[in-house]
> 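I have a structure I would like to understand better, so I am pasting it below and will then ask my questions one at a time.
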Amino acid sequence: MEREMININGNLVGEIKTTTIDTNEGKREVANFTVVNKFKENGKTKKEYIYCNLYGEKVETVEDFESGEYVHIFGYFKEVKKEEKIFENFIVKHINRINKEEKEEE
């Protein structure tokens with residue numbers, strides 16, 4: 001199955017939580033965080049909260065990121081079913097900080 005890869009810009013909300021999980025390939029680092037994406041729809045500003053997961057060596061890149069920072073994430077959405085509920089997580093393949101000067105140019 002081919003996944004649709006997406007680029008999203010938004011602000012980090014809350015803290016980034018890191019942990020180690022057990023997988024079939026062994027232990028793996030994971031960072032969980034939320035990004036809020038603001039957009040206009042019918043003349044009104046709306047917000048979309050995106051729950052993100054970042055795995056492996058890339059976890060180190062977000063350790064010093066702080067709430068409120070503007071970031072660019074690249075990855076795909078994945079649905080996870082837990083106890084009859086369906087959750088949609090964004091699996092991050094790449095993340096980087098966007099400086100305020102860059103944001104103003106957009």
Side-chain angles (χ1 to χ4, degrees):
M1 175 195 305
E2 193 168 318
R3 298 181 176 121
E4 180 183 1
M5 302 301 278
I6 314 171
N7 290 293
I8 299 173
N9 293 336
N11 294 89
L12 289 172
V13 178
E15 67 179 87
I16 296 174
K17 297 176 183 160
T18 58
T19 188
T20 303
I21 59 172
D22 289 319
T23 68
N24 294 339
E25 294 88 32
K27 294 196 180 288
R28 195 168 183 197
E29 292 289 318
V30 63
N32 301 309
F33 54 93
T34 304
V35 171
V36 63
N37 178 25
K38 296 177 188 175
F39 60 95
K40 295 233 185 237
E41 186 176 284
N42 299 328
K44 295 182 180 180
T45 300
K46 296 197 172 193
K47 296 178 182 178
E48 174 185 27
Y49 290 89
I50 303 161
Y51 186 72
C52 302
N53 304 106
L54 177 68
Y55 297 94
E57 301 167 354
K58 296 176 185 169
V59 169
E60 293 175 12
T61 63
V62 299
E63 288 177 345
D64 64 337
F65 283 27
E66 295 180 10
S67 183
E69 287 189 288
Y70 195 63
V71 296
H72 169 81
I73 54 176
F74 175 74
Y76 61 92
F77 283 101
K78 178 181 178 183
E79 285 188 354
V80 178
K81 187 175 181 180
K82 288 186 181 178
E83 300 171 11
E84 303 301 317
K85 292 183 182 180
I86 296 176
F87 300 92
E88 192 173 62
N89 292 347
F90 191 79
I91 307 301
V92 177
K93 293 297 188 180
H94 180 75
I95 182 171
N96 64 310
R97 214 181 254 133
I98 298 177
N99 295 328
K100 289 183 180 181
E101 297 82 33
E102 293 176 40
K103 182 179 176 183
E104 290 170 2
E105 290 174 10
E106 291 181 354

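This one's a predicted model, so the numbers in the text were calculated from it and none came from an experiment.
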> Same cluster for Phe33 and Tyr70 if Ile/Leu/Val/Met/Phe/Trp/Tyr side chains link at under 4.5 Å?
no
> Return the OG1 to CD1 distance between Thr34 and Ile16, rounded to the nearest 0.5 Å.
10.0 Å
> Taking only residues two or more places apart in sequence, or in another chain, which ones meet Lys27 in a salt bridge (charged side-chain N to carboxylate O under 4.0 Å, His left out)?
Asp22
> If you group Ile, Leu, Val, Met, Phe, Trp and Tyr by side-chain heavy-atom gaps below 4.5 Å, do Ile73 and Val13 land in one group?
no
> Identify the residue among Leu54, Asn96, Val71 that makes a side-chain contact (heavy atoms from CB on, under 4.5 Å) with Val62.
Leu54
> Run the side-chain hydrogen bond (donor to acceptor under 3.5 Å, both in side chains) test against Thr20 and tell me which residues pass, sequence neighbours left out.
Glu29
> Who are the ring pair (Phe, Tyr, Trp, His ring centres under 6.0 Å) partners of Phe90, not counting sequence neighbours?
Phe77
> Who pairs with Ser67 by side-chain contact (heavy atoms from CB on, under 4.5 Å), at least two apart in sequence or on another chain?
none
> Quick one: side-chain contact (heavy atoms from CB on, under 4.5 Å) partners of Glu79, sequence neighbours excluded?
Ile86, Glu88
> How would you list, by chain and number, every residue that makes a side-chain contact (heavy atoms from CB on, under 4.5 Å) with Lys82, sequence neighbours excluded?
Val80, Phe87
> Which other residues belong to the hydrophobic cluster containing Tyr76, where Ile, Leu, Val, Met, Phe, Trp and Tyr are joined when side-chain heavy atoms lie under 4.5 Å apart, directly or via other members?
Met5, Ile21, Val30, Tyr55, Phe74, Ile91
> Filter on salt bridge (Lys or Arg N to Asp or Glu O under 4.0 Å), then keep only pairs touching residues 49-66, sequence neighbours left out; what's left?
Asp64-Arg97
> Is there a path of hydrophobic side-chain contacts, each under 4.5 Å between heavy atoms of I, L, V, M, F, W or Y residues, that connects Val59 with Ile95?
no
> Under a single-linkage definition using a 4.5 Å side-chain heavy-atom cutoff for Ile, Leu, Val, Met, Phe, Trp and Tyr, are Ile98 and Val92 assigned to the same hydrophobic cluster?
no
> Mind checking side-chain contact (heavy atoms from CB on, under 4.5 Å) for Lys17 and listing every partner two or more places apart, or none if nothing turns up?
Glu15
> Test of understanding: with side-chain hydrogen bond (donor to acceptor under 3.5 Å, both in side chains), list the residues that count as partners of His94, not counting sequence neighbours.
none
> Would you mind writing out the side-chain donor-acceptor pairs for residues 37-49 within the sub-3.5 Å range, not counting sequence neighbours?
from  : atom 1 : to    : atom 2 : distance (Å)
Lys40 : NZ     : Thr45 : OG1    : 3.2
Glu41 : OE2    : Lys46 : NZ     : 3.2

